[in-house]
Amino acid sequence: MAYGGSIQGKMSDESFDFICTTCDKSYNKIVEAVRYCIECSGYCCQSCTDAHNVFPALKNHNLLDVSQGAQAGSKRSGVREFPTERCSLHQGKVLDMYCRVHDNVFCSTCIAKSHKSCPEASIHSIPEMIDTLFTLDDTKRISRNLKDMMVSLTTISNSKDRKLEALTKVKHEAIEKVEVFEKALKSIIRKAAEDSKSEIVATYQELENEILQDKSNAETAQDELQQIEVKLKKSEGNRAQRFVCIKQAEKKVTEADRLKVKHDTRSNQDVSLSFTPNQSLMNYVKGLHGIGQVNASRKKIDKFRIKGKRDIKINISDDSKTCGSFGCCLTHDNKLLVTDWNNKKLKRISLDTMTVVDSCKLDSSPYGVCIISDEEAAVACYRPDRIQFVSIEQKMIPTRLIELSHGCYGIAFKHDKLYVTDGFSSFYIYNMAGTLLKTITCNNAGTSLFSYNRHITFTENGDKLFVCDIKEGLVCFDGAGNYLSTSSDSDLNGAYGVCVDGHDNVFATGFSSNNVVQFNEDGKKIGVIVQQQDGLVGPLSACFHQELNRLFVTMHDSNVVKMYGLE
C-alpha cells in the first residue's frame, strides 16, 4: 500500500493506494487521492482537485494521475519536470517557455503576444527541452556571478558611506567658516549668514540624496540578488525551476552590473562642498543675499606631481654594510621608521633634522614595519620568521615576539589584528596574542591570488586592504580579508611597496620599473608620479605623510631614503 502522507496512529475502515496529502495533514482524515499536483508536491482527493479548478492561484497547477505522481521524483520515470515560477505580467501563468532570441523565460501568453516575430525554432517548451537547456555548469556559473556581484555591490555601498561621511565633515567645516565670518560682520549680516547656511544645507542635501540614492540602488539590487540566490538553492532537484532561476538571475546580474559600471565611471570623482568667504563684503553687505559662495564639487582625482625632493641619509657609524631598507612607516609623533635588512636594525629618523636619531639591533633580518600604538611598533622578521615588537617611547628596545611557522614579509595593523604576508602565496591574519585567525591564498573560484606577495596597507578607515605582488600587481581586499580585485598595469613592473594618502589615493612602487604608480581606491590607475629619472632605483617600500604631502620611498642596497614633496 502506498500513501501520500503519514497515517501512523490513524484508523480507517477503508484502504487506499494513495491518500490526499492535504486532508491527511490538515484535517487528520484519510481520503482517497485521484490526482498528484506538481506545484503542491502532494496528492489531491476529488474535493481538493475541484478546488484547484476553482481558485485562480491554483487553476494553472499541473495535475497528474496518481500513478505518475508516485514516480515524479525519479528522472527515469519519464515524468516531465515543470517550473513553478509565475509570470509577473500574466498572473497565474507558469514560466514554462524559453525564447532563444531573447534568451529569457516567458509564459505561453507572453510568447503568443510578444514573440510573434521570433523564429518558431527559437521557442521551446521548458518541460519538453529541459534535458537540452539545463546544465549543472549554468548553476555553478550563476552562483559565482551572484556572489561576485553581491561583493561588488557591498563595495559600492561602503564607498558611498565613505563619501557621505566625508561630505558630512566638509559640511560642518563650511558652516563653521560661515559662523566665524558672521561674527566679524555682526548683526547687519546675520540674515545673510542664515541664507548661506541654508544654501549649504540645501546643496549638501542634494549631494546627500545623490549618494543615498546610489547606495539604495546598490542595496536593493543586492537584496534582489540574495532573493534569487535563495530561489536558486531551493530549486535543487527541479531543473526546470532552476533554469528559470538562472535566467532571472542573469537578468538581475546584468542590471546590477549596470550599477557597477555607473559606479566605476564615478570612482575618480570626489564629491565635496566648501564655503569661501567674501572679504570685500563689508563694503556692500546690506545689498547681498548670502555672505559667500557655496561650492559643490565632483572633481576628478588628479595625478600628483613632484614639487620637490630630497635624500635622507640612513647609514650610521656602526653599520657594517650598505643599508637595505625593505620597509618603512611613520610614527604618530612624525618620525620615520625604516628597517635595515643588511645591518639587522630598525632605525628612527627625525623629519625636523632629517637624520637618524635612534636605532636598535634585532636578532633576525627585518622586512616590513608598522605602528601598533604611540608606544609600540611591530616588525616582520626573516630567519627566524617572527613578529618582533619594539618599544618606541624614549629609546627603541625590542620587547616581546611572536614566532611564526611561515615566511614573514609585509605587515599591517588594524582593528587589533595583525596582517602578515609570507613573501610568496599567502597572507595571514593574527590577533595580538599570536593566534592565527585566517589564511588567505585563493579567491572564491579557487584561483591563487599571489605569486610573490610583498607589502600590505589599509585605507585610513580600514574598509579596504591592498597587497603588492611582484607578479600579479596590486591585490585588493575588504577590511575582513575578502578578495575584491587585482589591478595589473604595464607601468607597474614588480609591485613591491604600497601606501595610501587618506584621500582615495593608493601608491604602489615598481621594483623593476623603478617608479611609483598612483591608483584610486578602486584599483584604477591615475598615473606614474615618480620615475627613475627622479632618482628612484629599485624601490622597496613607501609611506605617505598626509599633513605635509610627502612621499617617502626606500630603495634596494641604498644608504638613502627618497623624500618627494607632492602637489
Among side-chain atoms of [X] and [Y], is any donor-acceptor pair under 3.5 angstrom?
{"X": "Asp422", "Y": "His406", "value": "no"}
{"X": "His545", "Y": "Asn334", "value": "yes"}
{"X": "Asn515", "Y": "Gln531", "value": "no"}
{"X": "Ser451", "Y": "Glu472", "value": "yes"}
{"X": "Ser157", "Y": "Lys215", "value": "yes"}
{"X": "Asn315", "Y": "Asp319", "value": "no"}
{"X": "Thr459", "Y": "Asp463", "value": "yes"}
{"X": "Asp214", "Y": "Asn217", "value": "no"}

Next item on the list: Would you kindly check if the NZ (Lys) or CZ (Arg) of Lys171 is within the cone defined by 45 degrees around the ring axis of Tyr204 and under 6.0 Å from the six-membered ring centre?
Entry: yes
[X] side chain to [Y] backbone, donor-acceptor under 3.5 Å:
{"X": "Thr554", "Y": "Ser541", "result": "yes"}
{"X": "Ser513", "Y": "Asn493", "result": "yes"}
{"X": "Arg348", "Y": "Cys360", "result": "no"}
{"X": "Arg454", "Y": "Gly423", "result": "yes"}

Next item on the list: Among Leu337, Val379, Ile411, Ile387, find the residue that satisfies the side chain to side chain contact (heavy atoms under 4.5 Å, CB included) test when tested with Cys370.
Entry: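 Output: one option passes, namely Ile411.
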Check: In this structure, which one of Ile440, Val467, Thr441, Asp469 forms a side chain to side chain contact (heavy atoms under 4.5 Å, CB included) with Leu449?
Finding: Ile440
Taking all atoms of both residues into account, what is the closest heavy-atom pair of [X] and [Y], and its distance?
{"X": "Ile371", "Y": "Ala377", "result": "CD1-CB, 4.1 Å"}
{"X": "Phe519", "Y": "Ile526", "result": "C-CG1, 3.8 Å"}
{"X": "Gly481", "Y": "Phe477", "result": "O-CD2, 3.5 Å"}
{"X": "Cys468", "Y": "Gly497", "result": "SG-O, 3.4 Å"}
{"X": "Asn343", "Y": "Lys361", "result": "O-NZ, 2.8 Å"}
{"X": "Gln388", "Y": "Cys381", "result": "CB-SG, 3.9 Å"}

Margin query: Atom CD of residue position Glu567 - does it have more than 12 heavy atoms of other residues, nucleotides or ligands inside 6.0 Å?
Written below: yes
Next item on the list: Could you tell me whether Glu403 atom CD has more than 12 heavy atoms of other residues or ligands within 6.0 Å of it?
Entry: yes
Margin query: Checking Ile312 against Val560 for the side chain to side chain contact (heavy atoms under 4.5 Å, CB included) test, could you report, in this order, the C-alpha distance in whole Å, the side-chain angles of both residues, the deciding distance, and whether it holds?
Written below: CA-CA 5 Å; Ile312 303 175; Val560 300; over 6 Å; no
Next item on the list: Take the angle between the ring planes of Phe427 and Tyr419 and call it parallel below 30°, perpendicular above 60°, tilted in between.
Entry: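 The rings of Phe427 and Tyr419 sit tilted, inter-plane angle from 30° to 60°.
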Check: Between Tyr367 and Tyr409, what is the ring plane arrangement, given parallel below 30°, perpendicular above 60°, and tilted in between?
Finding: parallel
Check: Under 6.0 Å between the ring centres of Phe304 and Tyr564?
Finding: no
Note to self: Does Phe424 form a ring-ring contact (aromatic ring centres under 6.0 Å, His included) with Phe450? I'd like the steps, not just the answer.
What the structure shows: CA-CA 7 Å; Phe424 292 99; Phe450 307 110; over 10 Å; no
Check: Between Lys464 and Asp478, does at least one N-O distance fall below 4.0 Å, as a salt bridge requires?
Finding: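 Between Asp478 and Lys464 there is no salt bridge, as every charged N stays at least 4.0 Å from the carboxylate O atoms.
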Item checked: Arg258 and Glu255 ion-paired at < 4.0 Å ->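 No.
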Any heavy-atom pair between the side chains of [Y] and [X] that's under 4.5 Å?
{"X": "Ile349", "Y": "Met354", "answer": "no"}
{"X": "Ile402", "Y": "Arg386", "answer": "no"}
{"X": "Gln226", "Y": "Gln222", "answer": "yes"}
{"X": "Cys328", "Y": "Thr339", "answer": "no"}

Supply the atom-to-atom distance [X] [atom1] to [Y] [atom2], rounded to the nearest 0.5 angstrom.
{"X": "Asn505", "Y": "Lys303", "atom1": "CG", "atom2": "NZ", "value": "12.5 Å"}
{"X": "Ile529", "Y": "Leu566", "atom1": "CD1", "atom2": "CG", "value": "5.0 Å"}
{"X": "Ser391", "Y": "Ile397", "atom1": "OG", "atom2": "CD1", "value": "5.5 Å"}

Item checked: Full working for side chain to side chain contact (heavy atoms under 4.5 Å, CB included) between Val500 and Glu460 -> CA-CA 8 Å; Val500 297; Glu460 188 170 19; 5.7 Å; no
Notebook entry, point to check: For Glu521, what residues pass the side-chain hydrogen bond (donor to acceptor under 3.5 Å, both in side chains) criterion, not counting sequence neighbours?
Noted result: Arg162
Check: By side-chain contact (heavy atoms from CB on, under 4.5 Å), which residues pair with Asn444, not counting sequence neighbours?
Finding: Asp148
